[in-house]
Structure formats: structure tokens, C-alpha cells
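Worksheet: one structure, shown below.
We use all heavy atoms of the structure for the numbers below, so side chains are in, but hydrogens, waters and symmetry mates are not. Bear in mind that the values here come from a model prediction, so they are computed numbers and not experimental data. A, B, ... follow the sequence lines: proteins, then strands. Residue 1 opens every chain.
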Amino acid sequence: MSHPYDPSSIEAKWQKRWEEAGIYKTDLKKKAKDPYYSMVMFPYPSGDKLHVGHWYNFAPADSFVRFQRMHGKETFCPMGFDAFGLPAENYAIKTGVHPDASTRKNVETMITQLKRIGCMYDWDKMVNTSTPEYYRWTQWLFLQMYKHELAYRKEASVNWCPSCQTVLANEQAQDGTCDRCGTTVVQKPLTQWFWKIKQYAEKLLKNLDDLDWPEKTKTMQRNWIGRSEGAEVEFGIQNSEFGITVFTTRPDTLFGATYLVLAPEHPLVEKITTKEQQKAVAAYLDTVKKKTEMQRTDLTKEKTGVPTGASAINPATHEQIPVWIADYVLPTYGTGAVMGVPGHEERDYDFANTYKELRGSIRCVIAPDRKSADFSEHAYPGAEGTDQEIYEKILGGEQCWTGPGMLVNSDFLDGLSVPDAKKKITAWLEDEDAGREKITYRLRDWLVSRQRYWGAPIPIVYDPEGNPHPVPEKHLPWLLPTDVEFKPTGKSPLYYSKEFRERTEKIFGKGWTPEFDTMDTFVCSSFYYLMYLQSEGHGMKLKIENGKLKMNSIIDPHVEKSWMPVSLYIGGPEHACMHLIYARFVMMALQDFGFVSHDEPFKKLVHQGLVTHKGAKMSKSKGNVVSPDSFIDRHGSDVFRMYLMFMGPFTDGGDWNDMGIKGIDRFVARMYRLFEKKLNKGNKGVKGSKGLSAASMTKLHATIKKVGDDIAIFHFNTAISALMSLLNELEKEESIPVDALQTIAKLLAPLAPHLAEELWEMSGGTGMVIDQHWPAFDPKLLKNDTMTIVIQVNGKLRGEITVGAKTAKEEIIAMAKKEENVSKFLMEGQTKKEIYVPGKLVSFVVG
RNA sequence: GCCAUGGUGGCGGAAUGGUAUACGCGCGCGACUCAAAAUCGCGUUCCCGUAAGGGAUUGAGGGUUCAAGUCCCUCCCAUGGCACCA
């Protein structure tokens, strides 16, 4: 028999009908009764086109929204393109093709590919971040941040290849060398723009509690934000006007601080380094420039550092302690300076073991076993006269104890617990004006400057004195110039645009210059959920007229109120920290600026699993990208998307392998044949459930329940296996009533939308199956009048009995004991215990 | 290194602390066919056994429990992220 189901014609037919009927268009202005805004993370229009990973994300997301729609939700599913970014620029450097041209072409191809999935996208709402209609709002966002003092300039290091004379992305500078020429990459400081995301750290952390997001993602974000409670402590410097402020989470160990360490980048380094140490410090700074942050913080590597020659005063002990620099201290965290407590902090312990002069030494009053202490000098004869090598301040039982314990050798803190000592020393520091309570976050302010071409220009101009000024809103979009140099020159590409400079001087006056940096692409993707909702004035379809757009707010407040937050956002777990924190920050800021009514953009978040190929994430550089196109040609969209869903749990992903696609192909063909066969047998028009055996009826209703329950929790794989199992049953049936077949078409509608429409039509359904209501199951049909009880002896399965559903416990146990294979094992010893789990099992324990 | 996730037959995987291996792929045998493909039927975790049945088994080791893939501890391996790939 030839394949009865021809996906290419049938899928094209339904895609055309859906489009003609406009059933996926959403009128955002009309008040929605029960809105459901579903978003997937928009793709980057890469030259690799749409790959299997995109399908793995988009198709199940579509199935889920179809399921919602069949439950009466008014759904909105937009799609767009995250079109600015590095790959298009690198492609331009290599081939000379303008990023705008290559991006447009890729977008076009991907739209064609996307349409073949058959998703419910409302293409009228499409966005493309690289169009002036879009980046006008990226720039508007920058101006809002600037206006509200959330944007500022600061020096920050970039990866610099001295040979290529260009800034490198981290990806291009792995293992510290330039991926084009192999030269050692150095850290070069540049003045760049930052956004104050840290100001929202507490809110970003707190709001997580109420979000319907995966727990692991929330944990990762909490760790990323990295809130630490502690104190700042001021250390004076001997013979100097300067002081060093350190942040510590362990102010209780202040009496054990035997040295201070500054980050090599700390501004005080050059001010306090003594003449004798200048050479050593300069040499050290040189080596640091060549290290990545990960190399610097690697706990397994031996720590390095050099003394500055300066001494600080420990405010608690009034002792002089040396000030060093070491690269394990990062300038971006805390105050960029730490106190070294070798007795109770592992990094400090390691460091002081490398540089023994930092250990400090005092006569101890701790017992040799470190389990107890006495505050009288000679309490422990064994310890008398011994000099502890490491200052020890808390009793814990081992050197470098970081756990809880009692404070010793710490003057007025002696005898206190760690939490009490923290409180007392912090209060003391405040009294002495030598410190204060402080909360620090690991989260850093967002560096938004990029020394690249293919991004949204930062809407800032500089006056002849070099002071920044915002570009007034009426000049937006502040167009990206086209007369630029892509090849690396040591400057941002926009630097060479004559038009850009002339434009600036013409508008602002002679001697004024534009900002040459563009914005991080994460800025573009931090508010696109609002851009989909913009009901006028943007998008590929609309041109800018007279260089102006009417709206001065990013979104119509009524539309925002009814459609935000996004009901469901689906995307990869690789975005757990960066994109998903930036987007939340921007939404919060926009609420504070008064443009939106909500503070969180994504109500529910789900991560699809990662689809790998040959064990690794698909990427052009690894050459393991799999295109779905040939599979769609051969099997059609429905088979392919169901295969992806059948691979395993949606949130797991997996390694790509086309071996099993045949199984889904067979399933679809068999389902189609079942409809053909049963409908041709003259069953058309038969109503009611007559003709279906009781067992099949039960199976049908159990399947309705299972498919619904499973789709609701993204277990598409088991939903499909339930339908397969149902099909296996029904194929044995003589005849199947039409309404049972129509129920099956409805169950298939979210998972195989084209096939389901076809089957719905074949079985005489009116309208489209996607507009039908999800079928209900009859709970009465699911109840069994018998139950199977398994019998265990000492945890091992020894038999099974089938009894009536209402059989009493005692009766079941008695029956279990009589089972031949059970009684045999019960003879072996005394029955110590009998456990009955209702409806499930009997367990005997024999001694 | 740090943060997070995962590890179950030949393969993808299923399993509210209660029958481990559902469903599918693959494979084997059979039917149909001149033959093959397709389709249909039966079987299929591993070991012993004709069978009945027994034993082992969820990355490794330990623990809690009448009962552990599931909970706890230690370890191994793989993957994602680590702030300029998106």
C-alpha cells in the first residue's frame, strides 16, 4: 500500500486556509476577555537559517498555545528577529556584504521556513530589531535611562588584540588568545556606557519569589545577583592621607586580619605603592592584563600577588598589616579590596600559605585539638608557649575554619557566637566611625557600549569640551550611518563615517561629535515583548513617514494593561541569567518611568531542552547544525514536530538523531487510514457511542484525560504515546462512531494541527478543529470495578491477584497468603509485618 | 574553578516512595509477494532454565525505609552559563 497521507499537499492546503481566514490575527486594541500572550525567544537571523533547535522550541510552544486556544483563551503569538549582532558584522568583514543586506536575506529565508511549521503566528506584528522603526525605540530607551540617571560613563576593560587592532568578544578570545591571529589578548581600558541594573538588585531578587518560573532558573538568578550581607571596614594607611575601604561578609574575623589585598586595578594602587615596590608592582600589573577573569578566580591555581610596600592599620587591633595586590581580588566586586584572614577564609589561607609572611603569629590560648579554649593565658599546658602559625579566632576543630563557633582571641568579641560577634563588631565599627553595615551584590552594572557597527547607535553627542548630551527625541531614529569601515582599524567602525559627523555638526554645531559606540544586542531584546504590542508605527510593514512617528510612548497603556505580562515565555536555559535579568530590569525601570503598569515581563517561563548534535550545542563553528528542511520535504511538518516532541520531555532536549522518525510517520499514516476505513464503512452520520466496546470507551476517555493532563505540563511525549496506545486499541474495533473519531481529531489538533484539520473535515466536522472546544472526559468511565494487587515478600515481587474494587483489606491479605508462589516464601520464617497499600499491593516481611 | 542541570534495555525514553523498562525505534521470527519495499501478526532488559520459576539490574559506593530510578551523604562522568555569541 502506498503512503495514504500526503503531507505536502494537505499541509499547504491548511496553511492557505488558515491564512485566508485570518484566524491567527489578533486585534490588540479590542479588549480581550481571556488573553493569552505566548512568546518564544525570537531567533537571530543567522546564515545557518532555521535549525532543528528552533523547531524544537517553536513547534511545541505552538502546540501548547493551540491547547490554550481550545480552552477558550484569546491567544496572541507574535514572531520576530533579533537581527543586530556580531555574526553579520564578521560576515561583512570577511565578504564585504553589508550586514543589512545579509540580515534582510536571512530574515526572508527564515520567514519562509517558519511558515512551514504551521504555527499560529500573527505576522502583522513581526519585529526586526535592526530596522530604524525598531531601534528608534532602543534609542528611546537609552534616552529614558539617561534622563532618569540610570545611564553613566565609566572606564571598563575590553579584550584587545594588539595585532588585529580590534576589540574581541569573549567568544573570539577564548584561552586568552585572538582566534584570528593567535596573539595574546590584553585587557584595555575604555570609557563606556553603563546602565545601573544594580540599583534594581533587591527588587530583581525579591520578585523572583512570585514568578511561575523553573526553580533552577530562579536559583541561578539568585546566585547571579549574589546578595551578601556584611560590612565595610575602613583601614587607615600608615604615613598616608588615604584609607582603604574593604567589604567583608565576616566582620567578626576582623581581629584575625593580617593583611589587606587590593585588586590590581584599584585606583589606590599607584598612590600608595612605595618606591622600592614600584618595579615589582608594574611587572605584576603587566601579567594581570593577560589573564581572563576565570583564570584569575580559579580556586585550584596557586594565587599570586605582590606587596605594595604600604602598611594599613587594623582598626580593631591597631596593628600594622601589609597591603598587597593580587589578581584573585576583582575590581568589580565589593570595593575591590579585601582583608586577609588566613584563619577563617580559604582563599586567604591559601594565599598566606604561598606568602608565609602574611600568616601572622601570636601566642594562642586554644587547646591543641582546637575544640576548646580558655581565656586565661596558660589554660592548656600542651599549647603553652606554642605560636600558632595562623591567627585563629573561631573554634571549629580545624585550621581555616569557616563554620560556626565561639570567638576567641578577639578582645571584646571573646565568647560570642559568629552571628552575635558580627552584630557587635559592626556596631562597634559604626561607633568608631571605622565601618558600617553593608549589603553587596555580585551583580554588576550593565555595560551597554559596543565598539561595533551592527547595532543601534547610542543616541549621545559630545560638545567641543567632550561633555555628553542626549540626542533629542525628535531626531530619532538616530540613523546608523552606511559609509563606514568594517575592517579593524583600532576604532569603533562609526568613527570613519563622514555622514555621521556631518549630521552631528549640522544639527548641534561645529566641533560636536557623535558617540561612535553602538548598543549591546541584549538591549534590543530587553523590551521586544512590548514592541509586539505596539499597535501603530513600527514594524517591517510600516515606513517612517517624514522622518517621524506619532507616538512618544513605547506602548499604548490600554494595550499594555490588558496584554502584559506575557502569559508564557519559552526559550533556552542558556538565557537564564543575562537576557532574562536584563528584560526584567527594563520592565521595572519602565514602570518607574511611568510607561507600563507591571513590573515583571514574563509571568510564566519554560525552558525547552537543548538539542545537541554529536554531543554538542549546534553551531556553525562546530559544523554540527542540522537543517529541518529535508525532513519536512519527506515527512511534513506534523510528523517532524511530533517526532521532536516524542524525543523526550520538552524540558530535557537531547542529542539529535533521525532514527525514530519512521515511528511517527507510521502513526500518522495509520491514524489517517483508520479514519478512511471507518468512515467508508458507512459509519458516517452514526451518532452516540454505540459500536464502541466498553473497553475502548474507557480507553478513549482515559486518553482524553491523559493527553490533556500531559500537554498542560509540557509532557508532549507521553501525550503522543497515549494517542498511539489508543490507536492500537481502536484498530481492533469493528466500527467506530463518528463522534469518537471527531474527539480524536480534537485531541490531535494541538500536536498535529494540519492532520487534525484534515481528519476533522473528513469526519464531517463544521468549521475548523482549532476553533472547537477541548473534549471533556467522563470520570465515571474511568473507574474500574476490579483492581490488581501485587504481593511482595521481603520487598520482592512474588505474585499478583485480581479482586473486586470494594474488597476489604483483611480479605485481600488472606487471599494473598493463599497464593502458591507467596505461601511458599511465607513458610520460610515468621511473618513479622503485613502492609497493605490500598488498591496497590500487599507486602509481607518475613524474618 | 564557580553556578545550575542530568546519568534507566542495543537506541529515544516511561514510572504520585509501592509491579522498573509504558510508547516508539531497532532487531528476530512469521503472513502477504515471483521477489523486494510497504503493510499486518508474534517476540524482544540481561543471565540460568524446554517451561514453571529463579537471580541480577536505573553512572559508582554508602545510608534511611517493610519498600528507593525516586529521599539523604560521598564520588565519577556529561552538558549549559560565567557578564562582548545570541
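- Rounded to a whole Å, the CG atom of A:D327 is 18 Å from the P atom of B:G1.
- Test A:Y44, A:F42, A:Y135 against A:T129 for side chain to side chain contact (heavy atoms under 4.5 Å, CB included) and you get one pass: A:F42.
- Nucleotides B:G49 and B:C72, compared at atom C1', are 40 Å apart to the nearest Å.
- Considering only the side chain of A:R673, B:C40 comes nearest among B:A14, B:C40, B:G53.
- Distances from the side chain of A:M220 to the nucleotides B:U39, B:A4, B:C84 place B:A4 closest.
- Among B:G18, B:A83, B:G54, the nucleotide with an atom closest to any side-chain atom of A:F825 is B:G54.
- Of the candidate nucleotides B:C85, B:G18, B:G24, B:G24 has the atom lying nearest to any side-chain atom of A:N728.
- Using modelled atom types, one finds a donor on one side chain and an acceptor on the other under 3.5 Å when comparing A:D445 with A:Y152.
- Closest to the side chain of A:K216, from the set B:U19, B:U5, B:U39, is B:U5.
- Side-chain to base pairing of A:E574 with B:C82: no donor and acceptor N or O lie closer than 3.5 Å to each other.
- Within 4.0 Å of A:S449, counting heavy atoms only, lies at least one base atom of the nucleic acid.
- Atom pair A:N821:CG and B:G53:P shows a separation of 7 Å (rounding to whole Å applied).
- Atom P of B:G7 sits at a distance of 10 Å from the matching atom of B:U70, rounded to the whole Å.
- Between A:M642 atom CE and B:G24 atom C1' there is a gap of 13 Å when expressed in whole angstrom units.
- Using a 4.0 Å heavy-atom cutoff across all strands shown, A:I835 reaches at least one base atom of the nucleic acid.
- Counting any heavy atom pair closer than 4.0 Å across all strands shown, A:L841 reaches a base atom.
- If you check every strand for non-hydrogen atoms under 4.0 Å, A:E89 touches nothing.
- Counting non-hydrogen atoms under 4.0 angstrom, A:V845 reaches the backbone sugars and phosphates but no base.
- B:C71 and B:A15: their P atoms are spaced 14 Å apart (whole Å).
- When heavy atoms are screened at a 4.0 angstrom cut-off, A:K796 is found touching the sugar-phosphate backbone but no base atom.
- The nearest whole Å value for the distance from the CG atom in A:N90 to the C1' atom in B:A86 is 13 Å.
- When each of B:G53, B:C84, B:C40 is scored by its nearest atom to the side-chain atoms of A:R670, the top-ranked nucleotide is B:C40.
- Spacing between B:U21 and B:A14 at atom C1', rounded to whole Å, works out to 8 Å.
- Going from the P atom of B:G13 to that of B:A67 covers 31 Å, rounded to whole Å.
- Among the atoms of the strands shown, none is found under 4.0 Å from any heavy atom of A:F667.
- Here A:H579 lies out of heavy-atom contact (under 4.0 Å) with every strand.
- Atoms CD1 and CG, from A:I791 and A:L841 in turn, are 9.5 Å apart once rounded to the nearest 0.5 Å.
- Using a 4.0 Å heavy-atom criterion, one finds that A:M294 contacts the bases of the nucleic acid, with or without backbone contacts as well.
- The distance between atom CG of A:N223 and atom C1' of B:C3, rounded to the nearest whole Å, is 6 Å.
- For the pair A:K809 and A:Y836, the cation does not sit on the ring face, since its NZ or CZ is not both under 6.0 Å from the ring centre and inside 45° of the axis.
- You'll find the side chain of A:F516 stays beyond 4.5 Å of the side chain of A:K491, heavy atoms only.
- Contact annotation for A:P43: no contact, since no heavy-atom pair falls under 4.0 Å across all strands.
- Picking from B:C85, B:C82, B:G18 the nucleotide with the shortest atom distance to the side chain of A:P87 gives B:C85.
- For A:M659, whose side chain is taken as the heavy atoms from C-beta onward, the closest listed nucleotide among B:C40, B:C25, B:A83 is B:C25.
- At whole-Å resolution of the value, CZ in A:F646 and C1' in B:C25 are 9 Å apart.
- Comparing B:A60 with B:G26, their C1' atoms sit 29 Å apart, to the nearest whole Å.
- Counting non-hydrogen atoms under 4.0 angstrom, A:L443 reaches a base of the nucleic acid.
- Among pairs with a residue in residues 721-731 of chain A, those fulfilling salt bridge (Lys or Arg N to Asp or Glu O under 4.0 Å) read A:R670-A:E731, A:E729-A:K732, at least two apart in sequence or across chains.
- Residue A:K218 contributes atom NZ, which lies 17 Å from atom C1' of B:U5 at whole-angstrom precision.
- Residue A:R798 has its side chain nearest to B:G55 when only B:C84, B:C40, B:G55 are considered.
- Within the nucleic acid shown, A:N717 comes within 4.0 Å of sugar-phosphate atoms alone, with no base atom in reach, counting heavy atoms only.
- For A:D82, the salt bridge (charged side-chain N to carboxylate O under 4.0 Å, His left out) test picks out no residue, with sequence neighbours left out.
- For B:C84, the base has a donor-acceptor partner in the side chain of A:Q451 [N/O atoms by modelled type, under 3.5 angstrom].
- Contact annotation for A:W224: base contact, defined as any heavy-atom pair under 4.0 Å involving a base atom.
- Using atom P as the reference point in both B:G10 and B:C46, the two lie 7 Å apart (nearest Å).
- With both ends at atom P, the span from B:U5 to B:C73 equals 13 Å, rounded to whole Å.
- Following rounding to the nearest Å, A:Y528 (OH) and B:A86 (C1') show an atom-to-atom distance of 11 Å.
- In this structure, the nucleotide among B:C66, B:A86, B:G13 sitting nearest to the side chain of A:S843 is B:C66.
- Seen from the ring of A:W224, A:R584 does not count as a face-on cation partner, given the 6.0 Å and 45° thresholds.
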